[in-house]
S.K.: 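Before I ask anything, here is the structure I am working with.
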Amino acid sequence: MRATLVACARNLRNEYFGDGAPWITEQIFSEIAVDGTTDKSGPAQDLNLLITPDANLNSVDFNRIGYYWDEGYKGIKYANTVISRIDAANFKDEAERNSILGSAYFHRAFRYYRLVNQFGDVPLLLNEVTTPRVDFYTTKREVILQKMKTDLEFAAQWVTDNVNKGEVTKGAVNHLLTKVNLALGKFDDAIASANAVINGSPYALMTNRFGATRADETRNLIWDLHRPENKSLGENREGIFMVIDRQMDGGYDGGMKIMRQAVPNWGSNINTPNGKKVLTMELIWRSHSLIFMEEE
C-alpha cells in the first residue's frame, strides 16, 4: 500500500521539475501570469489558438494542458488502487489502516481538485478500473468536490503530521480541505480547516535564521527559506507537504528549472548595447500565489 502511495507522490514531481514544467502552463492559463516571450510563436500568447482539441497540448514548446489530464487520471488510478484494495492487506491496527486510506483519499482529492478547476465537469472514478471500459461520463464539478470534501474530512481524522518527508501530512490534508471548502462556497468550514493548520499543527512561519546558511550575515531569512538544502529540514516549519527530487536514481536531470523560466533570471546570454547583462523573464506576473508544496 505504501509503495503504491509512493507512485502518487513520485508523479507530483513531474509538475515542477524539468524543462518547461507543467506548472508554468498552470500559471499562464490563469489570472496569475502572462507569457513574456515575444521572439517565437509557440508559447501561449494567443490562448484561444492553443486550446483547440487538435492543438499540441503536451509540449514544452507550446503548453502542458494535456499533461494535467493525463497525469491527473494517473494519480487517481494509483490512489484508487489503494482505496479499492485497502482491506486486502493486514494492518497492525485501525489507525494504520485509516492513515493509509486517508493518504490515498488526499492524493485522489488533490488530482480531482485540479481537474475540476481546470476542465469543469469530468469523469468521477471512485474504484480501481480492472477491465477495459468505454462508458465514461462526466459528473458535475460540485458533486465531485463534495465527495472530495467528505474524503478529506475522514483523512483529517487519521493522517498525522509525524511522517517521513514526502508523505501526506495532516497539515496538507487540512490545507487541501480548505481549498475544497472555498471552491464549494462553504466559508465557515474553510475557516475551521484553515485554523486547524494555523493553530492546531506544528507548522508556522519562520521568524529566525536557520539551516546551512544561518551563519552567513550577508544573507537573511528569505535566503534561508529558499536554499535547496534547507527545504526539508525538520527545523523548517513552513514545509507542510514536500515534493522531493534528490540527486539519485529516478531524479530529474538538472532538477528544477522554474528559476530560469518563471522568475527574473540573471544568468542571461543577452547584453544591453553597452555590454551590460540584462535580466530576462519568460513569465510576467500579475500576482503571486503558492500552491502549498515545498519543492526540493
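The figures here come from the full heavy-atom set of this structure, side chains too, leaving out hydrogens, waters and symmetry mates. Starting from 1, each residue takes its place in the sequence as its number.
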S.K.: Are Ile51 and Val122 linked, directly or through other ILVMFWY residues, by side chains that come within less than 4.5 angstrom of each other?
M.R.: yes

S.K.: Considering residues, nucleotides and ligands other than Asp188, do more than 12 of their heavy atoms fall under 6.0 Å from its CG?
M.R.: no

S.K.: Kindly indicate whether the side chain of Asn58, heavy atoms from C-beta on, has any atom under 4.5 Å from the side chain of Trp69.
M.R.: no

S.K.: Could you check whether any side-chain N or O of Asn236 sits under 3.5 Å from a backbone N or O of Lys231, counting only pairs where one atom can act as donor and the other as acceptor?
M.R.: yes

S.K.: Supply the members, apart from Leu182, of the Ile/Leu/Val/Met/Phe/Trp/Tyr cluster built from side-chain contacts under 4.5 Å; use none for a lone residue.
M.R.: Phe187

S.K.: Tell me the closest heavy-atom pair linking Asp216 and Thr218, and the distance in Å.
M.R.: OD1-OG1, 2.5 Å

S.K.: Check for a donor-acceptor pair, side chain of Asp224 on one end and backbone N or O of Gly211 on the other, with a separation under 3.5 Å.
M.R.: no

S.K.: Answer yes or no: is there a donor N or O on one side and an acceptor on the other, between the side chain of Glu128 and the main chain of Asn80, under 3.5 Å?
M.R.: no

S.K.: Just how far is it from atom CZ of Arg13 to atom CE of Met242, taken to the nearest 0.5 Å?
M.R.: 14.0 Å

S.K.: Got a donor-acceptor contact below 3.5 angstrom from the Tyr137 side chain to the Leu124 backbone?
M.R.: no

S.K.: Taking atom OH of Tyr112 and atom NZ of Lys147, what is their separation to the nearest 0.5 Å?
M.R.: 11.0 Å

S.K.: Test your reading of the model: is there a side-chain donor-acceptor pair from Ser99 to the backbone of Glu96, 3.5 Å cut-off?
M.R.: yes

S.K.: By the rule that ILVMFWY residues connect when side-chain heavy atoms come within less than 4.5 angstrom, directly or transitively, which residues belong alongside Val82?
M.R.: Met1, Leu5, Ile83, Ile86, Phe91, Ile100, Leu101, Tyr105, Phe154, Trp158

S.K.: Nearest 0.5 Å please: distance from the CZ atom of Arg227 over to the OG1 atom of Thr213.
M.R.: 7.0 Å

S.K.: Taking Trp223's backbone N and O only, do any of them form a donor-acceptor pair with Asn220's side chain (distance below 3.5 Å, no angle check)?
M.R.: yes

S.K.: Of all the heavy-atom pairs spanning Ile240 and Thr169, show the shortest one and how long it is.
M.R.: O-OG1, 2.8 Å

S.K.: Closer than 4.0 angstrom, basic N to acidic O: yes or no for Arg141 and Asp121?
M.R.: no

S.K.: Check for a donor-acceptor pair, side chain of Asn174 on one end and backbone N or O of Val197 on the other, with a separation under 3.5 Å.
M.R.: no

S.K.: Treating Asn230 as the side-chain partner and Ala212 as the backbone partner, does any N or O pair qualify as donor plus acceptor under 3.5 Å?
M.R.: yes

S.K.: Looking at Tyr113 and Val116, what are the two nearest heavy atoms and their distance?
M.R.: O-CG2, 3.6 Å

S.K.: Calculate, to the nearest 0.5 Å, the distance between atoms CD1 and CG belonging to Ile65 and Asp70 respectively.
M.R.: 12.0 Å

S.K.: With side chains defined as the heavy atoms from C-beta onward, is the minimum distance between Gln118 and Tyr68 less than 4.5 Å?
M.R.: yes

S.K.: Any carboxylate oxygen within less than 4.0 angstrom of a Lys/Arg side-chain nitrogen, looking at Arg108 and Asp151?
M.R.: yes

S.K.: State plainly whether the residues Arg97 and Glu94 are in salt-bridge range, i.e. N to O under 4.0 Å.
M.R.: no

S.K.: For the residue pair Phe241 and Phe106, is the inter-centroid distance of their aromatic rings smaller than 6.0 Å?
M.R.: yes

S.K.: When rounded to the nearest 0.5 angstrom, what is the spacing between CG in Leu152 and CG in Leu177?
M.R.: 5.5 Å

S.K.: With rounding to the nearest 0.5 angstrom, report the CG to CE distance, Leu115 to Met148.
M.R.: 10.5 Å

S.K.: Let me see the working for Lys179 and Leu184 under side chain to side chain contact (heavy atoms under 4.5 Å, CB included), right down to the final yes or no.
M.R.: CA-CA 9 Å; Lys179 289 176 173 288; Leu184 287 168; over 6 Å; no

S.K.: Between Arg64 and Gly20, what is the shortest heavy-atom contact and its length?
M.R.: NH1-O, 2.9 Å

S.K.: Between Ser84 (side chain only) and Thr81 (backbone N and O only), is there a donor and an acceptor less than 3.5 Å apart?
M.R.: no

S.K.: Are Val6 and Val168 grouped together when hydrophobic residues (ILVMFWY) are joined by side-chain heavy atoms under 4.5 angstrom apart?
M.R.: no

S.K.: Kindly give the heavy-atom pair with the smallest separation between Asp161 and Lys170, and that separation in Å.
M.R.: OD1-N, 3.2 Å

S.K.: Which atom pair, heavy atoms only, marks the closest approach of Ser193 to Thr178?
M.R.: OG-OG1, 2.8 Å

S.K.: Please tell me whether Phe29 and Val60 are part of a single hydrophobic cluster in this structure, the criterion being side-chain heavy atoms less than 4.5 Å apart.
M.R.: no

S.K.: Do Val143 and Leu176 belong to the same hydrophobic cluster, where Ile, Leu, Val, Met, Phe, Trp and Tyr are linked whenever their side-chain heavy atoms lie under 4.5 Å apart, directly or via other members?
M.R.: no

S.K.: Quick check: is Ile76 connected to Phe136 through a chain of hydrophobic side chains (ILVMFWY, heavy atoms under 4.5 Å apart)?
M.R.: yes

S.K.: Is the backbone N or O of Pro22 less than 3.5 Å from a side-chain atom of Glu26, with the two atoms forming a donor-acceptor pair by type?
M.R.: no

S.K.: Tell me, yes or no, whether the heavy-atom count around Asn162 atom CG, taken from other residues, nucleotides or ligands under 6.0 Å, exceeds 12.
M.R.: no

S.K.: Between Arg114 and Glu15, does at least one N-O distance fall below 4.0 Å, as a salt bridge requires?
M.R.: yes

S.K.: Taking NZ, NE, NH1 and NH2 as the nitrogens, is one of them in Lys149 or Glu142 under 4.0 Å from a carboxylate oxygen of the other?
M.R.: no

